Structures are given as C-alpha cells and as structure tokens.
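Both backbone and side-chain heavy atoms feed into the values below; hydrogens, waters and symmetry mates do not. Not measured: the values here are computed from a predicted model.
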Amino acid sequence: MKHRTDLHKVRPDMISRAVLLSMSVFMIIRIIMVYMIGESGVGMLGAPFEVYAIGCGVFLYSYERAVDSMIRLRSRREQYLNAEYGMKIAMKWAFCSGMITGILILCLSIPLARIFFEMPKGYLALAVSGICIILMSVQGAMRGYLLGFGAPNSVLHSMMLQSVSSIILSAVLAQLFYRYGLRVNAILRQEDCAPAYGALGVMCGMALSLLLNFLYCLVIYKIRKGQIRDRINNGAPRYLDSHVGIGSNLKALITITTVFSFLTLVDQKIYFVFAGMRKNAGDLVANWGIYYGSYMGVVFLIAFICTIFFVKGCYQFSAQMTHSDITMANEQLGAMIHYQTLLLIPVTAFTAIMAEPIQTAFFGIPNDSAVGMTSFGSMAIFFVSFALTASCVMLRLRKTVIVVVNVLLSAVVHVAVLLCMTIMAGLGLHAVILAVMAMLAFYDLISLMELSKMIHYRQELLRTFAVTLISAGAGALVIYFLNGVLIDLIGEILS
C-alpha cells in the first residue's frame with residue numbers, strides 16, 4: 001500500500017543506530033569544544049549540556065517512542081482515530097511540560113548556576129538550555145506520529161539534520177562568542193568570561209539546530225498530513241475510551257533515559273563540594289572540563305561506536321524470543337556476547353595502554369590528568385557497550401519495568417560508591433569514574449542474570465572471556481612496549 005512504502009526501506013534497527021549516532025555527536029561536540037573554548041569552557045558547558053541531554057531523553061526520545069508504540073498498537077486494530085487523539089494529547093503534554101520546565105530554567109538560571117553548580121557566569125548557557133527545552137518540546141511527539149504512521153525515513157532525516165547542524169552551528173557560534181569573551185576578559189581584567197561566552201555559543205548553536213529541526217518536522221508533518229488523513233478516514237470508527245495509552249510507557253522511558261544525566265549533575269555537585277574543601281584543589285571548573293570533555297568524550301564515543309555493530313543482533317535475538325524460538329535465541333545471545341567481548345576487551349585494553357597517543361590524536365597536546373583518567377577508566381567502554389546492548393534487548397522484549405528497576409538500583413550503587421570513595425578515600429574525579437564504572441558493571445551483571453534466567457542460558461565463560469582476555473593482554477603488552485619505544489615518533493605523527 002502507498003502509505004507503507006517508507007516502512008520497507010528502513011529496518012527497525014536503523015532508528016536505534018541513529019540514536020546511538022546522535023549520542024556520539026554529543027561526545028564529538030565535547031571533544032571539539034576542548035579545542036575551541038578550553039577545559040574551563042567545557043566545565044561551564046557541563047551542566048547546561050546535561051540539561052539539554054535530559055530534554056532530549058524526555059522529549060526527543062521518550063515521547064517519540066511512546067507515541068510510536070501507541071500508534072502501532074492502535075493501528076493493528078485500525079483504530080486510527082484513537083491513535084490521532086492520543087498523539088494530540090501527547091503533544092499537549094509535551095508542550096505544556098516543556099514550556100513550564102523551560103521557563104523555570106530561564107527564571108532560575110542565575111541562582112542555579114551560582115548556588116547549585118557554583119559557576120556564576122555559567123548562567124548564560126544554562127538559560128539557553130531552557131530555551132532548548134521549549135524548542136524540543138513537541139518534536140518527539142511529532143516524530144513518533146510520523147514513525148507510527150509509516151514515515152521512518154523522515155524521522156531519520158530529522159535526526160541527521162539535528163546532528164549535523166548542531167555540530168556546525170555550535171562550533172561556529174562557540175568560536176565567535178569565545179573571541180568576544182576574550183575581549184571582555186581584556187576589558188574587565190578577568191579570565192572566566194571567555195569560557196562562559198564560549199559555553200553560551202555552544203548552547204546557542206544547539207538551540208538554532210533545534211529550531212531548524214522543528215521547522216523541518218513541521219514541514220514534513222504538513223506534507224504527510226494528507227496521506228495520514230486518508231488512512232485515518234479509511235479506518236474503524238473511534239473506539240470510545242479515555243485511555244491514551246502512553247502514560248506508563250512514557251514514565252518508564254523518561255526514567256531510563258534521564259537517570260544518567262541527573263547522576264552526572266549530582267557527580268558535579270559532590271565533586272565541587274568535597275574538592276573545594278581540600279587545599280590545592282586547583283581549578284575545579286577546568287578539572288571538571290577535563291573529565292567531561294577529554295575523558296568522557298573520548299571513552300564514551302568509542303563505546304557508542306562499538307555498540308552500533310551489535311544493534312542488529314539485539315533485534316534478531318528479540319525476534320526469536322517473540323516467536324518462542326528459545327534454542328535459536330540461546331545461540332544468538334551466546335554469539336552476540338562472544339563477538340561483542342572479542343571486540344570490547346581488546347579495545348578496552350588498547351585504550352588503557354595507548355591513553356597518551358589517543359589523547360594526542362584527539363587534542364594534539366595531551367593533558368596528564370586526561371591521560372590518567374583515560375587509562376584508569378577505560379573499562380567504562382566495556383561496561384557502557386554491554387549496558388546499551390542489554391537495555392536494547394530488554395526494551396525490545398517489553399521488559400520495561402525490569403529495566404527501570406535495574407536503572408534505579410544501579411543509581412543507588414553509583415551514589416553509594418561515589419560518597420564512599422569521596423569521603424572515606426578522599427578521591428576526586430577518580431571517585432566519579434569509579435562510581436560510573438561500578439554502576440555500569442552492576443547494571444550489566446543483573447541484566448545478564450535476568451536474560452539468562454528468561455531463556456535458561458549459560459555463557460561459556462572460558463571461551464568468551466578468558467581466552468579473549470589473555471589474547472588482548474598479550475597484544476596490549478606488545479603495544480605497551482612499542483609505545484614506550486616509539487612514543488616520540490607516534491606523538492609527532494599524530495599531532
């Protein structure tokens with residue numbers, strides 16, 4: 001049928017891969033900003049960028065997936081009028097909540113930046129993040145509407161437009177604002193104006209990219225509205241119920257997609273509080289910028305790229321489970337874990353050993369703190385990739401409640417480890433890295449246990465982990481000695 005033509009051109013896993021690519025773009029922007037506005041600028045960018053990420057999780061992902069699921073469920077019964085009604089209600093929810101949240105952030109940006117985040121001049125970027133929340137409020141519901149009614153190409157194009165435009169606009173405006181900030185520094189004889197203006201430029205670029213994306217979604221929505229209206233008119237009469245069908249799913253998705261960003265804000269606050277009590281703590285904003293840009297940007301980018309290769313396997317496994325093919329599901333899960341381990345363990349080991357050349361490749365002149373964090377926290381690559389894969393499988397199997405419980409338990413582990421390592425051990429940013437890795441490791445462990453219990457699966461630990469670990473260790477030792485011998489030559493070539 002004509003209204004289903006787009007659906008056959010895009011595999012279901014392509015949308016999930018596009019989401020991972022969008023997350024990779026966030027990391028790329030952080031890396032670029034270390035170049036352009038420095039560690040202090042990235043440190044001031046941290047809180048506004050996480051607010052922006054929370055908005056993306058709520059409005060661009062959770063609303064999109066909830067509306068898409070609701071429309072697909074209604075479409076099976078040809079209840080297209082009910083699906084359209086549910087979409088309109090979702091758009092009203094999104095618009096009202098987005099407006100209220102964005103206006104609150106705009107009004108409270110100064111006290112939030114000064115009291116909570118302890119970066120008074122960061123209020124400018126934080127205020128723009130409130131504008132971003134307003135701009136993205138209804139886009140997720142619109143994209144879910146298009147996706148549910150068979151227009152996945154338009155949604156993919158929207159994601160691509162937002163990713164490309166956000167990189168270009170944030171880079172251009174960050175450079176312009178940072179140069180202006182340097183002049184303000186010279187006039188006021190201060191040093192923190194340029195980083196603040198640079199962070200403001202980044203957020204202005206993100207806001208403009210959202211505006212472009214909103215206009216694109218609006219145009220596509222108007223173009224597709226006639227085709228969708230024909231399909232709705234040919235469906236069954238409206239079923240008289242007041243149940244919208246997205247509430248519980250929406251709340252679960254919001255929890256899953258926003259917990260990590262909220263924890264990052266908590267990490268920043270706890271680090272600033274306890275590090276500020278110690279003498280010789282250094283520039284806390286710049287230190288946070290090193291962690292947020294040089295460490296998280298590089299390590300999480302590698303993890304996201306590695307995960308993209310296994311998204312299709314998650315969908316194949318879920319399809320076999322849906323059709324009750326337990327034997328094939330066992331084989332698929334075993335193969336997926338085996339091949340993912342074959343990739344992740346060597347990548348993790350090489351990242352730990354080659355931390356300095358990797359930082360040199362990304363930033364030209366490596367920062368000693370960034371090199372130490374990358375080497376110390378490289379296991380996050382392994383844990384992040386497995387966590388994303390497990391979440392994808394669980395969500396495809398509609399085990400959303402289990403994922404929510406796992407995420408919340410992991411958040412408790414994160415906060416507990418962070419407080420213990422910060423208060424008792426006196427660690428700084430390494431406590432944050434340990435807390436992140438402990439949370440992800442706990443999430444991976446309980447998720448694997450739950451998947452194994454569902455299908456009575458037992459992993460071949462010797463073949464999967466031991467042999468791979470030995471091989472990766474041997475290769476890492478060779479790389480380590482080569483790195484020690486040729487470090488000057490490698491650094492010169494890469495820079």
Here the pair of heavy atoms bringing Y145 nearest to I71 is CA-CD1, 3.6 Å
Rounded to the nearest 0.5 angstrom, the CG-CZ distance for L126 and R114 is 12.5 Å
With the side chain counted from C-beta on, respond yes when M99 and I133 share a heavy-atom pair under 4.5 Å apart, and no when they do not. no
dist I290:CD1 -> F363:CZ (nearest 0.5 Å) comes out at 10.0 Å
CD1 (I31) and CE (M27) are apart, to the nearest 0.5 Å, by 8.5 Å
Task: Y123 and L112: CA distance, side-chain angles, deciding distance, side-chain contact (heavy atoms from CB on, under 4.5 Å) verdict - done: CA-CA 8 Å; Y123 79 92; L112 281 174; over 6 Å; no
For the residue pair M296 and V436, establish whether any side-chain heavy-atom pair is separated by less than 4.5 Å.
no
Worksheet item: Donor-acceptor pair, S447 side chain versus D444 backbone, under 3.5 Å?
Response: no
For D267 and V432, indicate whether the former's side chain and the latter's backbone hold a donor-acceptor pair under 3.5 Å. no
Residues 38-52 vs salt bridge (charged side-chain N to carboxylate O under 4.0 Å, His left out), sequence neighbours excluded, gives R30-E50
- Task: Evaluate whether atom OH of Y35 has more than 12 neighbouring non-hydrogen atoms of other residues, nucleotides or ligands under 6.0 angstrom away.
- Result: yes
So CZ of R179 and CG of L182: to nearest 0.5 Å the spacing works out to 9.0 Å
Would you say L427 and T422 make side-chain contact, with heavy atoms under 4.5 Å? no
- Using a 4.5 Å cut-off on heavy atoms from C-beta on, say whether the side chain of V25 contacts that of S166. yes
Distance col, row R17:CZ vs F310:CZ, nearest 0.5 angstrom, shows 10.5 Å
Tell me, yes or no, whether the heavy-atom count around Y178 atom OH, taken from other residues, nucleotides or ligands under 6.0 Å, exceeds 12.
-> yes
Problem set entry | Any side-chain donor near an acceptor of the partner, Y52 and S261, under 3.5 Å | no
### Message
Between Q139 (side chain only) and L218 (backbone N and O only), is there a donor and an acceptor less than 3.5 Å apart?
### Response
no
Heavy-atom count around F95 CZ within 6.0 Å, excluding the residue itself: above 12? no
Residues S165 and L161: closest non-hydrogen pair is OG-O, 2.6 Å
Requested in this report: Evaluate the ring pair (Phe, Tyr, Trp, His ring centres under 6.0 Å) criterion for residues F300 and Y295: first the C-alpha distance (whole Å), next the side-chain angles of each, then the deciding distance (0.1 Å), finally the verdict.
Outcome: CA-CA 8 Å; F300 279 64; Y295 166 71; 7.0 Å; no
### Message
Under a 4.0 Å threshold between the charged nitrogen and the carboxylate oxygen, would K269 count as salt-bridged to E118?
### Response
yes
M159 and S22 have their tightest heavy-atom pair at CB-OG, 4.3 Å
List the steps and the verdict of side-chain contact (heavy atoms from CB on, under 4.5 Å) for S154 and R224. CA-CA 10 Å; S154 301; R224 293 275 182 176; 4.0 Å; yes
Side-chain contact test, heavy atoms from C-beta onward, threshold under 4.5 Å: evaluate it for M36 versus V42 and give yes or no. no
Scanning both residues in full, the closest heavy-atom pair of A199 with G41 reads CB-O, 3.9 Å
Open item on the list: Quick one about S378 and T348 (side-chain donor to acceptor, distance below 3.5 Å, no hydrogens or angles considered), yes or no?
Closed with: no
Are V19 and E64 packed together at the side-chain level, in the sense that at least one heavy-atom pair is separated by less than 4.5 angstrom?
no
Checklist line | Side-chain (T257) to main-chain (G57) donor-acceptor, under 3.5 angstrom | finding: yes
| Side chain S375, main chain G372, donor-acceptor under 3.5 Å | no
request  = Indicate yes or no: at least one non-hydrogen side-chain atom of F49 is less than 4.5 angstrom from one of M206.
outcome  = yes
Worksheet item: Should we count CE of M160 as having more than 12 external heavy atoms under 6.0 Å?
Response: no
Check the pair I37, Q175 against side-chain contact (heavy atoms from CB on, under 4.5 Å), reporting the backbone distance first and the verdict last. CA-CA 7 Å; I37 63 177; Q175 184 66 17; over 6 Å; no
**Study point:** H414 side-chain N/O to A435 backbone N/O, donor-acceptor pair under 3.5 Å
**Key:** yes
Item to complete: Tell me yes or no: between the side chains of S369 and Y291, is some donor less than 3.5 Å from an acceptor?
Response: no
Closest non-hydrogen atoms of A66 and L253, given as atom of the first, atom of the second and distance, are N-CD1, 4.0 Å
field: Any side-chain donor near an acceptor of the partner, N367 and Q359, under 3.5 Å
entry: no
**Message:** If you take the centroid of each ring, where Trp contributes its six-membered ring, are F376 and H430 closer together than 6.0 Å?
**Reply:** yes
Here the gap from I54 atom CD1 to L265 atom CG, rounded to the nearest 0.5 Å, amounts to 5.0 Å
Next item on the list: Answer whether the closest heavy-atom distance between the side chains of V403 and Y443 falls below 4.5 Å.
Entry: yes
Full working for side-chain contact (heavy atoms from CB on, under 4.5 Å) between I337 and L448
CA-CA 10 Å; I337 293 176; L448 182 59; 3.7 Å; yes
Shortest non-hydrogen pair, Q162 vs S209, comes out as O-CB, 4.2 Å
